[in-house]
Chemist: 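What follows is a single structure, and I will ask about it in a moment.
The basis for the numbers below is simple: all heavy atoms, side chains too, and nothing from hydrogens, waters or symmetry mates. Proteins come first, then strands; the chains are lettered A, B, ... in the order of their sequence lines, and each starts at number 1.
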Amino acid sequence: MELLIILLLVFMIIAALNALEGKDLLSSVVSLSAVGFGLSVAFLVMGAPDIAIVQVVVEILTLIILIRATIRHDLTTVAEGTEFFGLLVGVVLLFVVFLFGLEAVKALPPFGAPIMDAVASAPSRYYLEHGLKETGAANIVTSVILDYRAYDTLGEATVLFTAILGALAILRGRPLKKKKKG
Amino acid sequence: MAFTLCFVLFMVGLYGVLSKKNMVKIVMGLVIMNCAVNLFLIMLGYKKGGVAPILEKKTNLADFLARSVDPLPQALVLTSIVIGLGVLALTIGICIRLYEKYGTFDITEIRRLKG
């Protein structure tokens with residue numbers, strides 16, 4: 001099972017590199033959605049079917065949004081002559097972050113042994129044990145997002161509403177017309 | 001191994017954000033980083049041979065407790081995915097607006113055109 005996840009991750013890394021290095025923006029967008037669908041399959045393998053479904057829907061919407069940004073503009077290729085100083089700073093920064101990240105990966109629990117097994121008073125154990133009795137939902141994820149942590153879901157809806165409102169405010173070409181004095 | 005590869009995927013996204021000149025490519029780097037972080041959180045809750053946290057009629061509760069994966073990261077990642085979509089819509093909106101104003105996706109060109 002771990003081998004399958006590793007293969008999926010290698011596929012996603014190759015697709016991500018192809019998306020970033022591709023010359024044509026439209027093919028980059030298609031390659032990027034390969035990353036998203038690979039992610040969806042990985043979720044399905046790791047016992048998270050709800051998230052896999054949401055990821056598919058979100059990936060299709062991402063594709064639509066990115067194509068809307070690229071398809072009408074004919075100037076989709078940008079000359080990639082990078083400045084030397086900027087490239088140097090970027091590579092050094094990436095290297096430093098990579099070293100620190102490898103140290104952090106060493107401190108993680110082994111793959112396939114979640115923290116809720118090691119900690120006796122983990123909230124996840126409570127949700128799994130009492131979720132059906134207290135909320136009546138057979139799907140424990142649903143009982144968490146809609147009952148135990150419903151305020152998080154409310155906050156999510158607020159953030160999403162604000163982001164869409166911001167996008168509409170940015171994309172609207174003209175300012176609002178002033179009311180005529182009658 | 002799996003955590004390291006997930007971190008490499010995050011680094012690919014970070015490389016895109018740092019070194020690309022095309023604005024849409026930078027947004028793509030952000031999307032890749034978002035994917036990597038979501039996958040990492042789900043991996044933290046994965047149990048070897050685990051089943052999805054959904055109860056059936058014939059399921060024994062003790063057996064279910066021993067085998068189910070962690071439901072809490074799944075619930076929070078569900079929130080995170082949808083917020084990622086909202087952020088993507090906002091950034092692409094900014095990109096389209098900048099294209100209408102300057103006629104290019106190149107950030108160095110836009111930097112030169114100011115003032």
Chemist: So which of A:Gly90, A:Ala16, A:Gly166, A:Gly36 has the largest heavy-atom pair count under 4.5 angstrom toward chain B?
Modeler: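 Of A:Gly90, A:Ala16, A:Gly166, A:Gly36, A:Ala16 has the most heavy-atom pairs under 4.5 Å with chain B.
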Chemist: Looking at B:Val17, B:Leu39, B:Val8, B:Ile83, which makes the most heavy-atom pairs under 4.5 Å with chain A?
Modeler: B:Leu39
Chemist: Using non-hydrogen atoms and a 4.5 Å limit, figure out which bit of A:Glu129 sits close to chain B: side chain, backbone, both or neither.
Modeler: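 Both backbone and side chain of A:Glu129 come within 4.5 Å of chain B.
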Chemist: Please identify, among A:Val35, A:Leu108, A:Leu168, the residue contributing the most non-hydrogen atom pairs under 4.5 Å to chain B.
Modeler: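 Option with the greatest count: A:Leu108.
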Chemist: Of all of A:Val91, A:Leu160, A:Leu102, which one pairs up most often with chain B through heavy atoms under 4.5 Å apart?
Modeler: A:Leu160
Chemist: At a heavy-atom distance under 4.5 Å, which candidate from B:Val12, B:Val51, B:Val77 has the highest pair count against chain A?
Modeler: B:Val12
Chemist: Hey, which of A:Val89, A:Leu94, A:Val54 has the most heavy atom pairs under 4.5 Å with chain B?
Modeler: A:Leu94
Chemist: Quick test of your reading of the model: are A:Glu21 and B:Lys20 salt-bridged, counting only N-O distances below 4.0 Å?
Modeler: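 Yes, charged N to carboxylate O under 4.0 Å.
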Chemist: Would you say the side-chain atoms of B:Arg97 pair up with the backbone N or O of A:Ile170, donor to acceptor, closer than 3.5 Å?
Modeler: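 Here the side-chain-to-backbone pair exists.
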Chemist: Side chains of A:Glu134 and A:Tyr126 only: does a donor on one sit below 3.5 Å from an acceptor on the other?
Modeler: yes
Chemist: Output the option from A:Ile65, A:Leu146, A:Ile145, A:Ile51 having the highest count of non-hydrogen pairs under 4.5 Å with chain B.
Modeler: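 Looking at each option in turn, the highest pair count goes to A:Ile51.
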Chemist: Would you say the side-chain atoms of A:Asp50 and A:Asn139 include a donor-acceptor pair closer than 3.5 Å?
Modeler: yes
Chemist: Does any backbone or side-chain atom of A:Val141 lie under 4.5 Å from a heavy atom of chain B? Answer side chain, backbone, both or neither.
Modeler: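 Interface part for A:Val141: both.
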Chemist: Mind listing the closest non-hydrogen atom pair of B:Ser68 and A:Met116 along with its distance?
Modeler: O-CE, 3.5 Å
Chemist: By a 4.5 Å heavy-atom criterion (distance strictly below it), what part of B:Phe7 contacts chain A: side chain, backbone, both, or neither?
Modeler: side chain
Chemist: Shortest non-hydrogen contact from A:Ile140 to A:Tyr127?
Modeler: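 Scanning both residues completely, I find the closest heavy atoms to be CG2-O, 3.9 Å.
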Chemist: Under a plain distance cut-off of 3.5 Å, with no hydrogens placed, do B:Asp70 and A:Ser124 share a side-chain donor-acceptor pair?
Modeler: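 Short answer, yes.
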Chemist: Checking heavy atoms, do the side chain of B:Cys35, its backbone, both or neither come under 4.5 Å from chain A?
Modeler: both
Chemist: Give the ring-plane orientation class for B:Phe105 versus B:Tyr99, where under 30° counts as parallel, over 60° as perpendicular and anything between as tilted.
Modeler: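 Aromatic pair B:Phe105/B:Tyr99 classed tilted.
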Chemist: Checking heavy atoms, do the side chain of A:Thr153, its backbone, both or neither come under 4.5 Å from chain B?
Modeler: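 For A:Thr153, neither part sits under 4.5 Å from chain B.
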Chemist: Please look at A:Val105 and chain B and tell me whether the side chain, the backbone, both or neither of the residue comes under 4.5 angstrom of a heavy atom of that chain.
Modeler: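 Only the side chain of A:Val105 comes within 4.5 Å of chain B.
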Chemist: Given heavy-atom pairs under 4.5 angstrom as the criterion, report whether the side chain, backbone, both or neither of A:Arg149 touches chain B.
Modeler: side chain
Chemist: With chain B as the partner, which of A:Leu165, A:Ile164, A:Ile6, A:Val144 has the greatest number of non-hydrogen pairs under 4.5 Å?
Modeler: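 Highest number of pairs under 4.5 Å: A:Ile6.
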Chemist: Can you say whether A:Tyr148 sits under 4.5 Å from chain B via the side chain, the backbone, both, or neither, judging by heavy atoms?
Modeler: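 The answer is neither part of A:Tyr148.
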Chemist: Determine whether the side chains of B:Thr108 and B:Asp106 contain a donor N or O and an acceptor N or O closer than 3.5 Å.
Modeler: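 The criterion, which ignores hydrogens and geometry beyond distance, is satisfied for B:Asp106 and B:Thr108.
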Chemist: Counting heavy-atom pairs closer than 4.5 Å to chain A, which one of B:Val31, B:Val87, B:Leu65, B:Thr4 comes out on top?
Modeler: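 Most heavy-atom pairs under 4.5 Å with chain A: B:Leu65.
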Chemist: Between B:Leu18 and chain A, with a heavy-atom cut-off of 4.5 Å, which part of the residue counts as in contact: side chain, backbone, both or neither?
Modeler: side chain
